[in-house]
Amino acid sequence: MRLERQWLCQRPGLRPPSRHAHSRRHQRGRPLCLRLAAAGGFGQPPRRELGAAVTITLTEHPYPLPPAEQFELIGLWRSEWSRTDYDWLEALNGDYSETLETISVVARIDGRPVATATVSFAKHAPETCLIGNVVTLAAFRGHGLARGVTEAAVELGFRAGCTAAFLGSSQHEGNVYERCGFSRLAGSIMRRPAPGYVETGAEFETGQPAGIRPAVWGDMPGFVRFLTEPQATVVIDYEHGLIAMAHAEPLRCVSAFAVLHDDAARRNGAMLVLAAGNRVLGVGTVTPGPKGAGAHRAKIDFATHENYAPRLDELLARLLADAASREVSIIETLIAETDRSKLEVLSRAGFEPIATLPGHLRLRHGYTDVLQLERRL
Ligand SMILES: CC(C)(COP(=O)(O)OP(=O)(O)OC[C@H]1O[C@@H](n2cnc3c(N)ncnc32)[C@H](O)[C@@H]1OP(=O)(O)O)[C@@H](O)C(=O)NCCC(=O)NCCS
């Protein structure tokens, strides 16, 4: 029997979710079938047949999750990955939940979990959602399950008020996310605008009341959106391989925030954001080296949206103050030789070039030199 005839809801009398899914109390394990049917999520015929009549349900699981639900999800993820860029257990236990809403959608066949996708968005006034950890058990691929769970996850983000969804994906031919309405911006990053949303750049317009503060997990979606915007500098974070999209194909999407945040935390460093609410307009990191007999050194980097270039000096000053509070005595940074605006900001703050690394940075249009600059605190 064709699978499309078998998208049955186990509890067909359930109402579709409210328009403000994020603000109400989530009903754990609530079937999503009706909403998917209405959204046409499973409208396409599957490419293969399962060979028997089956019942497929989709359920949503808002974090923090009880152990049994954690176990199911980790089982699905571990069928493909032994780890990802953020800590599964921290997320599942709700360590990020104060500022970040995270919901996993699970597809089950005859009760057995077979596919999942996860959506994350800021807890308060979300604008951007991220889709991640999409996986279907190998034996169940090609039946539209990934498409179904991805559609459901995106829908949760849009219902919460997000104007765009982002995800990271390799450039796979016949990409399942293209079928879910995503288009590739560059490199690994794909975006899907919410229905009726027209990009005007209003989110990043000048003059917003933005302040500098330590990054929190609720900044993760806004940070990914920031990465896709025009930057005031070529390099966003040299140490962590983040280059402005205008100059290089991005290699990271959802994981970009976790890489910066966790590396800073692990090394007793800091990740700061220039933000208006959870709208990220700039970022800076202090990454200390090991404390030894010699001078305590740290690397810093920083970037803003091009509309917020005048705040680069202030961001740098905050990073220097943060480094000083960690008893760092020498600060170093690496910049693209072509990054003239960043060089000016660093020079104003007393940094001096100490070395040139020839052709060390590969940008979209070829290799460029890297300048190493240093300043004593
Ligand atoms: C990608 C994946 C989730 C698709 O699951 P699925 O349930 O088979 O997906 P669907 O049936 O809805 O869609 C199938 C399409 O996915 C496409 N696809 C396969 N691997 C893909 C990938 N890594 N990225 C994007 N699309 C992929 C296939 O080309 C297929 O298209 P086709 O129907 O033209 O052949 C599954 O192959 C998987 O779990 N892969 C390992 C984990 C992974 O790579 N996850 C994605 C991380 S971004």
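Each ligand, and each atom within it, is numbered from 1 in the order the structure gives. Below, each value reflects all heavy atoms present in this structure, side chains not excepted, and no hydrogens, waters or symmetry copies.
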Test salt bridge (Lys or Arg N to Asp or Glu O under 4.0 Å) on Arg159 and Glu155; report intermediate values, then the result. CA-CA 6 Å; Arg159 279 170 184 257; Glu155 185 68 14; 3.0 Å; yes
Is there a salt bridge (Lys or Arg N to Asp or Glu O under 4.0 Å) between Arg184 and Glu249 once you walk through the steps? CA-CA 11 Å; Arg184 194 165 295 279; Glu249 297 285 303; over 6 Å; no
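Below 4.0 Å from some heavy atom of Gly142 lie the following atoms of ligand 1, by number and element: 6 (P), 8 (O), 11 (O). Close contacts of ligand 1 with Glu80, meaning ligand atoms under 4.0 Å from a residue heavy atom, involve 41 (C), 42 (C). If you number the atoms of ligand 1 from 1 as listed, the ones under 4.0 Å from a heavy atom of His143 come out as 11 (O). For ligand 1, the atoms sitting less than 4.0 Å from at least one non-hydrogen atom of Arg147 are 12 (O), numbered in the order shown with element in parentheses.
Asn307 and Glu229 are not linked by any side-chain donor-acceptor pair at a separation below 3.5 angstrom, with hydrogens and angles left out of the test. Tyr86 and Asp95 are not linked by any side-chain donor-acceptor pair at a separation below 3.5 angstrom, with hydrogens and angles left out of the test.
Within the structure, the closest approach of Ala115 to ligand 1 does not fall below 4.0 Å when heavy atoms are considered. At a 4.0 Å cut-off, at least one heavy atom of Gly168 sits close enough to ligand 1 to count as contact.
Residue contacts with ligand 1, taken as heavy atom pairs separated by less than 4.0 Å, involve Trp81 solely via side-chain atoms from C-beta onward. Only the side chain of His172 comes within contact range of ligand 1, with a heavy atom under 4.0 Å; no backbone atom does.
The shortest heavy-atom contact between Leu319 and Asp301 is CD1-O, 3.5 Å. Scanning both residues, Leu100 and Met220, for their nearest heavy atoms gives CD2-CE, 3.8 Å.
Each of Arg279, Arg213, Arg225 was evaluated against Asp219; a single residue qualifies, Arg213, per the salt bridge (charged side-chain N to carboxylate O under 4.0 Å, His left out) test. Evaluated for a side-chain hydrogen bond (donor to acceptor under 3.5 Å, both in side chains) with Arg266, the options Asp263, Asp262, Asn268 yield exactly one hit, Asp263.
For ligand 1, the polar-atom distance check against Tyr177 finds no nitrogen or oxygen pair separated by under 3.5 Å. At under 3.5 Å, not a single nitrogen or oxygen of Phe140, backbone or side chain, sits near a nitrogen or oxygen of ligand 1. Looking at ligand 1, you'll find an N or O of Thr136 within less than 3.5 Å of one of its N or O atoms. Taking only nitrogen or oxygen atoms, main chain and side chain alike, Val176 reaches within less than 3.5 Å of ligand 1. The shortest N or O to N or O distance between Arg141 and ligand 1 is under 3.5 Å.
For Lys123 and Tyr96, the positive end is not near the middle of the six-membered ring at less than 6.0 Å and at most 45° from its axis.
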